[in-house]
2 protein chains.
Amino acid sequence: MPDNQDREPIVIPKPTLDRLKLYHRLLNEVEQKHISSEEIAQRIGTNAEQVRKDLTFLKTMGKPKVGYDVETLRQELEELFGVKKTTKVILVGAGHLGNALVNYPGFENYGIEIVAVFDKDPKKIGSFIGELSVLPMQDIGRVVKRFHVEIGIICVPKESAQEVAEILVSKGIKGIWNFAPTRLIVPNDVFVVDEDMTQSLLTLKHYLEIKKKKIQESHQNAEKS
Amino acid sequence: MPDNQDREPIVIPKPTLDRLKLYHRLLNEVEQKHISSEEIAQRIGTNAEQVRKDLTFLKTMGKPKVGYDVETLRQELEELFGVKKTTKVILVGAGHLGNALVNYPGFENYGIEIVAVFDKDPKKIGSFIGELSVLPMQDIGRVVKRFHVEIGIICVPKESAQEVAEILVSKGIKGIWNFAPTRLIVPNDVFVVDEDMTQSLLTLKHYLEIKKKKIQESHQNAEKS
DNA sequence: AGATAATTGTGAAATAAATAACGATAAAAA
DNA sequence: TTTTTATCGTTATTTATTTCACAATTATCT
């Protein structure tokens, strides 16, 4: 039995993966039959070489003088991201954010179906969010089993996020979409995607800081000359 | 007048900046007086060398055998991100998401104050979101001028996002926080941060796809042996 | 006070990613 | 049909980022 343990699985680099997502989004909006690496590049804001390089990770190939077949490429990306397969999801935390997510249009286009909403606040239980009635935390196990749920969305305050994560993991959830601004500690085989809005806020703030400094500098330079 | 145009402004690399944000978040949660690069690393999930290298972009220095002074470091990061300075922000799109953002606790901790909400739907105008009454789009210019608003949040459907972006830019907005799943085209001096939730959803989906493939493979291997 | 241990800061080496260069191919034009 | 042109796939080069290695420093221990 030869080398079995270390067969490298051709992992797509993270930066490439992030751009592939943008290509996917673009391809869904485009009308034409073919598209060139140059056009993709311009519309997502990168350069053609980058696009071509990224696409070498896929099977789809372009034709010289024509470009890539939009539909073929789109489908391969859909496949890559599993967009066609519907994934059942539960959401914990029936606050404003939870409400927004349940009502977010477009999840269905990505094969996400929120099947239940949970909250630990007894006052919220039984109330409706969209079409879904809020359930008590004890029901999580039952729902996960019944609907073969794979993903849990956490939108509770950061103080209870870890606790919720542990419950989800104990019920068999393998992917967590975490909206709480805290790092969750989970077993290795559980995948967490953080969606910390305060983090991107910092990007914006930082940009404004830099800008302010530049303006100050240019004033100083103007005075000197 | 010698080299003035190309004085390099010691730009912090993007990956480093992203980690600095995590350090900042961590430091706000920590009780102790000092912290080592090793501990920071463990708690945000990286290695100590990386942390130390990142911190070379800051002025704060650690002490051998002691680590970094939590408060000093925290304050320098606050400064870097401009967290202390309150930035006035307007929000366009009074839907579920807009509602969630207005009610999002924790923005104030980051020096963000939403001063007004706008929507183009006449039915929504005058209704309340949190403490704020929804205003018509025509009022944007007035509010931006009156409150010296620098940042606009877009949470309208993707179809109207570009249009809204153009309005904001024309009124003098310099930073846009874009929740619509589309790429905005704006002048060079306007900074856009995208918060496309469907994108991170794809990350999760992709992970599940890979996982599924691995399971299949291991079954096949099991059969063979 | 001197030895020991922990932990830093940083330059060098290794790795990863982006960009450039270019031959190959297919469509369009001559 | 031949030539020209646009565009691809891929290899080479350059740039950016991470990891490694280790001297320097400071607290703690003997």
Side-chain angles (χ1 to χ4, degrees), chain A residues 6 8-23 26-27 30 32-77 80 203 206 210, chain B residues 6 8-23 26-27 30 32-77 80 203 206 210:
Chain A
D6 234 338
E8 27 190 316
I10 318 149
V11 170
I12 300 179
K14 180 70 168 28
T16 294
L17 206 56
D18 284 346
R19 283 187 301 269
L20 288 177
K21 293 190 240 171
L22 295 176
Y23 306 159
L26 171 63
L27 260 25
V30 128
Q32 67 233 66
K33 200 151 168 11
H34 294 99
I35 193 166
S36 69
S37 55
E38 182 59 42
E39 184 174 355
I40 295 178
Q42 297 216 334
R43 298 194 44 175
I44 82 137
T46 179
N47 55 304
E49 293 80 7
Q50 183 76 83
V51 172
R52 291 208 297 278
K53 194 53 161 280
D54 288 342
L55 295 184
T56 60
F57 289 96
L58 307 182
K59 293 196 297 285
T60 307
M61 294 199 122
K63 258 196 200 167
K65 201 85 201 253
V66 174
Y68 300 87
D69 185 84
V70 170
E71 190 51 24
T72 311
L73 192 51
R74 205 181 62 74
Q75 283 187 13
E76 186 173 2
L77 288 168
L80 180 72
T203 308
H206 177 66
I210 289 179
Chain B
D6 234 337
E8 28 189 316
I10 317 148
V11 169
I12 300 178
K14 180 67 169 28
T16 295
L17 206 56
D18 285 346
R19 283 186 301 268
L20 289 176
K21 293 190 243 172
L22 296 176
Y23 306 160
L26 171 63
L27 260 26
V30 128
Q32 68 232 68
K33 199 151 169 8
H34 295 99
I35 192 165
S36 69
S37 56
E38 183 61 40
E39 184 174 355
I40 295 178
Q42 298 217 333
R43 300 194 44 175
I44 81 137
T46 179
N47 55 304
E49 295 80 6
Q50 183 78 80
V51 172
R52 292 207 298 278
K53 194 64 143 203
D54 287 343
L55 296 183
T56 59
F57 290 95
L58 307 181
K59 294 195 298 284
T60 306
M61 294 198 122
K63 257 195 198 167
K65 202 81 202 255
V66 175
Y68 300 86
D69 185 86
V70 170
E71 190 52 23
T72 311
L73 191 51
R74 205 181 62 74
Q75 283 187 12
E76 185 172 3
L77 288 169
L80 180 73
T203 307
H206 176 67
I210 287 178

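We name chains A, B, ... by the order of the sequence lines, and we start the count at 1 in each one.
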Does any part of the side chain of E71(B), heavy atoms only, come nearer than 4.5 Å to the side chain of R74(B), both counted from C-beta? yes

Got a list of side-chain donor-acceptor pairs under 3.5 Å for residues 53-61 of chain B, not counting sequence neighbours?
from: D54(B); atom 1: OD1; to: T16(B); atom 2: OG1; distance (Å): 3.2
from: D54(B); atom 1: OD1; to: R19(B); atom 2: NH2; distance (Å): 3.0
from: D54(B); atom 1: OD2; to: R19(B); atom 2: NE; distance (Å): 2.6
from: D54(B); atom 1: OD2; to: Y23(B); atom 2: OH; distance (Å): 2.6
from: T56(B); atom 1: OG1; to: K53(B); atom 2: O; distance (Å): 2.4
from: T60(B); atom 1: OG1; to: E76(B); atom 2: OE1; distance (Å): 2.4

Counting just side-chain N and O atoms, does S37(B) come under 4.0 Å of either OP1 or OP2 of dT8(C)? yes

Tell me, do Y68(B) and E39(B) make a side-chain contact under 4.5 Å, heavy atoms counted? no

Nearest-nucleotide pick for P13(A), side chain only, options being dA17(C), dA6(D), dT25(D): dA17(C)

What is the separation between atom CG on D18(B) and atom P on dA16(D), rounded to the nearest whole Å? 17 Å

Taking 4.0 Å as the cut-off, does a side-chain nitrogen or oxygen of N47(B) come that near to OP1 or OP2 on dT18(D)? no

Of Y68(B) and K63(A), the one whose closest DNA chain C nucleotide lies more 5': Y68(B)

Any side-chain heavy atom of K21(A) within less than 4.5 Å of one from H206(B)? no

Between dT11(D), dT10(C), dC8(D), which one does the side chain of T56(B) approach most closely? dT10(C)

Do L26(B) and I40(B) come close enough that some side-chain heavy atom pair is under 4.5 Å? yes

Looking at the side chain of M61(A), which of dT10(D), dA27(C), dA17(C) is the nearest nucleotide? dT10(D)

Closest to the 5' end of DNA chain C, once K53(B) and S36(B) are matched to their nearest nucleotides, is S36(B)

For dT17(D), does OP1 or OP2 lie under 4.0 Å from any side-chain N or O of Q50(B)? no

Spacing between D54(B) atom CG and dT8(C) atom C1', to the nearest angstrom: 15 Å

Separation of dA12(D) atom P from E49(A) atom CD, nearest Å, is 17 Å

Interatomic distance where CZ belongs to F57(A) and P belongs to dC8(D) [whole Å]: 18 Å

Whole-Å distance separating the CG atom of D69(B) from the C1' atom of dT8(C): 15 Å

Whole angstrom is fine here: how far is it from NZ in K33(A) over to P in dA27(C)? 13 Å

Report yes if at least one side-chain N or O of R52(B) is closer than 4.0 Å to OP1 or OP2 of dT8(C); otherwise report no. yes

What's the CZ-P distance between R19(B) and dT17(D), to the nearest Å? 9 Å

Starting at atom CD of E38(B), determine the distance to atom P of dA5(C), rounded to an integer number of angstrom. 19 Å

